[in-house]
Amino acid sequence: MADDRIQKRIAVLGATGSIGTQTLSVADSLGTPTDVLTAGSRDREFEAICRKYSPRIAAMADESAARRLKTALADTDIKVYGGSEGVAAAAGEADADCAVVAISGMAASEPMMNAARCCRRICMANKEAIVAAGGHLLAAIKAGGAELIPVDSEHSAIFQSLTAGRRGDVLKLILTASGGPFYGKKRCELEKLTAADALAHPTWSMGPKITVDSATLMNKGFEVIEAMHLFSVPPEKIEVVVHRESIIHSMVEFRDHAIIAQLGLPDMRTAIQYAITYPTREDGCAGSVDWGTLSRLTFGKPDTESFPLLALAYEAARRGGTCPAVMSAADEVAVGAFLRGEIGFTDIFDIVESAVDRVGRPGEADLCEIVAADGEARVRAGEMCRGR
Ligand code: NAD
Ligand code: MG
């Protein structure tokens, strides 16, 4: 086991984010060296990370941040690349067993496809690119020769639960949802809520965009589409159950109605570590569930009337084409505007629904059409945000 650990090297794409920094803490605990690290724009923070982990290559999407980083790291052997092409090139030059894809948004697409050609495994945290263009990206990863292991906690739970039976015997996938901080509220109560309210997630500690997506249930909608692509299951075989305690991370029901679940404390490091060490298991970073203090596990149906984006995601999954990409892009713009205090919480619902109706095209779509629809949705969503 020790030899296996020493041989593994990782690339962390999106090393300064919530998943990226938790991946580095898992790497610390496993004693895994890093080969490539990438980040978006925060060069001071990234410099400290590079000094601590001494990657062979470091890349930043922001060109001027990359220039500052290059000067700051002049006393080291670290090669520094800049711009989106630099991030994609760094991913494509990784000499690593695993690439953890923790870049948020569509920007993850090219780096993840490049990493799939040089890394044995893609540990996939990114969801927006998978929602928008899952079929194409998964095919490209497969063609690149890499295996894909999910990092999102629900999908990691399903991946683990699926080992209990044959794929052909799966009846349905059951995704659990915490319900977010506004669970139980009616639509009229949601109107006055602020970014600070939305950022107070009851169980998970995550980046701001995904935390707001959890509050709107958009995140669960994305996860339905993510599950559809990752496990080749149609949306009607994916059920969402509200489970406030976030102890059951998701489940698989087989044809004999046996349900297999994966449980644990809500800590992303468990799923990140499993994606890196699979099929072996190593000592975990999260604690054990304390069955003495955990008095009950509760379950309920999601309220899709007050939180319409979950139902919209099912509809976008059924329509296909560019609809999921438009939904994801419009959501990214609307959530950004909400976090800056420019629009209200329920405006996010209206803007995303309207963008899917006006810009989304059902049926089949190639990658170029998806990228074009993503751009158009951003423009339309931006206009709608300014019109509020
Ligand atoms: P984050 O915003 O905290 O971090 C994003 C990372 O990507 C940062 O390192 C940032 O510098 C980098 N980045 C952003 N834009 C970039 C660009 N254009 N080019 C290159 N790098 C760029 O986000 P996060 O919460 O860590 O989430 C990362 C991804 O994982 C998202 O797709 C999210 O949906 C998914 N995810 C997150 C969690 C979680 O617990 N945070 C759980 C499941 C899935
Ligand atoms: Mg999740």
Side-chain angles (χ1 to χ4, degrees), residues 11-25 36-46 49-50 58-63 65-66 69 81-91 100-112 114-115 122-132 134 137 150-159 175-180 199 201 203-214 217-227 230 240 243 246 248-250 262 266-272 275 286 328 331-332 335-336 339:
V12 186
L13 312 179
T16 51
S18 162
I19 293 289
T21 50
Q22 292 182 84
T23 301
L24 292 170
S25 105
V36 166
L37 295 177
T38 79
S41 57
R42 298 199 299 258
D43 53 295
R44 297 291 284 274
E45 202 178 317
F46 192 44
I49 289 175
C50 291
M60 298 200 79
D62 184 300
E63 308 252 9
L69 183 74
Y81 299 171
S84 312
E85 325 76 57
V87 169
V100 178
V101 182
I103 296 175
S104 50
M106 276 300 274
S109 317
E110 210 183 331
M112 78 169 75
N114 287 355
I122 298 291
C123 303
M124 181 66 72
N126 173 282
K127 65 181 73 176
E128 296 85 356
I130 300 299
V131 166
L137 295 180
V151 166
D152 205 347
S153 59
E154 294 77 3
H155 306 80
S156 174
I158 290 170
F159 181 80
L175 288 176
T176 52
S178 72
L199 291 176
H201 195 279
T203 47
W204 292 97
S205 162
M206 307 177 287
K209 195 256 177 187
I210 184 170
T211 305
V212 175
D213 284 339
S214 298
L217 291 196
M218 183 78 272
N219 182 53
K220 210 47 59 181
F222 288 157
E223 289 181 352
V224 168
I225 300 177
E226 218 184 329
L230 291 173
V240 172
H243 166 52
S246 301
I248 299 179
H249 299 314
S250 279
Q262 185 256 328
D267 188 321
M268 283 307 297
R269 290 173 303 175
T270 308
I272 295 168
S328 175
D331 176 71
E332 204 171 319
V335 170
L339 285 169

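Numbering of ligands and ligand atoms starts at 1, following listing order.
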Note: heavy atom closest to atom 7 (O) of ligand 1, options V131, I103, I19, belongs to I103

- Out of G14, S84, A15, S18, indicate the one that has the non-hydrogen atom closest to atom 41 (N) of ligand 1.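 Answer by nearest heavy atom: S18.
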
Inset, instruction - Calculate the angle formed at the Mg ion (ligand 2) by OE1 in E154 and OE2 in E223; 10° precision is enough. - result: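 The angle at the Mg ion (ligand 2) comes to 100°, rounded to the nearest 10°.
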
N or O pair under 3.5 Å between [X] and ligand 1:
| X | answer |
| --- | --- |
| K127 | yes |
| E128 | yes |
| A107 | no |

Provide the number and element of each atom of ligand 1 under 4.0 Å from a heavy atom of [X].
| X | answer |
| --- | --- |
| A102 | 5 (C), 6 (C), 7 (O), 28 (C) |
| G17 | 1 (P), 3 (O), 4 (O), 8 (C), 9 (O), 26 (O) |
| G207 | 25 (O), 41 (N) |
| T16 | 8 (C), 9 (O), 10 (C), 11 (O) |
| I210 | 25 (O), 34 (O), 36 (N), 37 (C), 38 (C), 41 (N), 42 (C), 43 (C), 44 (C) |
| A125 | 30 (O), 35 (C), 36 (N), 44 (C) |

Among the N/O/S atoms of D152, the Mg ion (ligand 2) lies closest to OD1

> Is any NZ, NE, NH1 or NH2 atom of the basic residue among R42 and D62 found under 4.0 Å from an Asp or Glu carboxylate oxygen of the other?
Replying inline: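 Not counted as a salt bridge, because no side-chain N and carboxylate O are separated by less than 4.0 Å.
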
**Message:** Strictly below 4.0 Å, N to O, side chains only: are K127 and E223 in salt-bridge contact?
**Reply:**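 Looking at K127 and E223, the cut-off is met.
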
**Asked** When you look at T16 and L37, which way does the side chain to side chain contact (heavy atoms under 4.5 Å, CB included) test go after all the steps?
**Response** CA-CA 9 Å; T16 51; L37 295 177; over 6 Å; no

- Given the rule in the side chain to side chain contact (heavy atoms under 4.5 Å, CB included) test, do K209 and S104 qualify, once you have shown the distances and angles that lead to the verdict? CA-CA 9 Å; K209 195 256 177 187; S104 50; over 6 Å; no

### Message
Any heavy atom of T38 closer to ligand 1 than 4.0 angstrom?
### Response
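No, T38 has no heavy atoms under 4.0 Å from ligand 1.
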
Notebook entry, point to check: Looking at L24, I103, V36, which one forms a side chain to side chain contact (heavy atoms under 4.5 Å, CB included) with V12?
Noted result: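 Single side chain to side chain contact (heavy atoms under 4.5 Å, CB included) partner of V12 among L24, I103, V36: L24.
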
Side chain to side chain contact (heavy atoms under 4.5 Å, CB included) test vs Q22 passes for just one of V151, D267, V100, namely D267

Checking heavy atoms under 4.0 Å, the part of M268 that sits near ligand 1 is side chain

Is the CD atom of E110 crowded by more than 12 outside heavy atoms at less than 6.0 Å? no

- May I have the step-by-step check of side chain to side chain contact (heavy atoms under 4.5 Å, CB included) for M268 and M206, ending in yes or no? CA-CA 9 Å; M268 283 307 297; M206 307 177 287; 5.6 Å; no

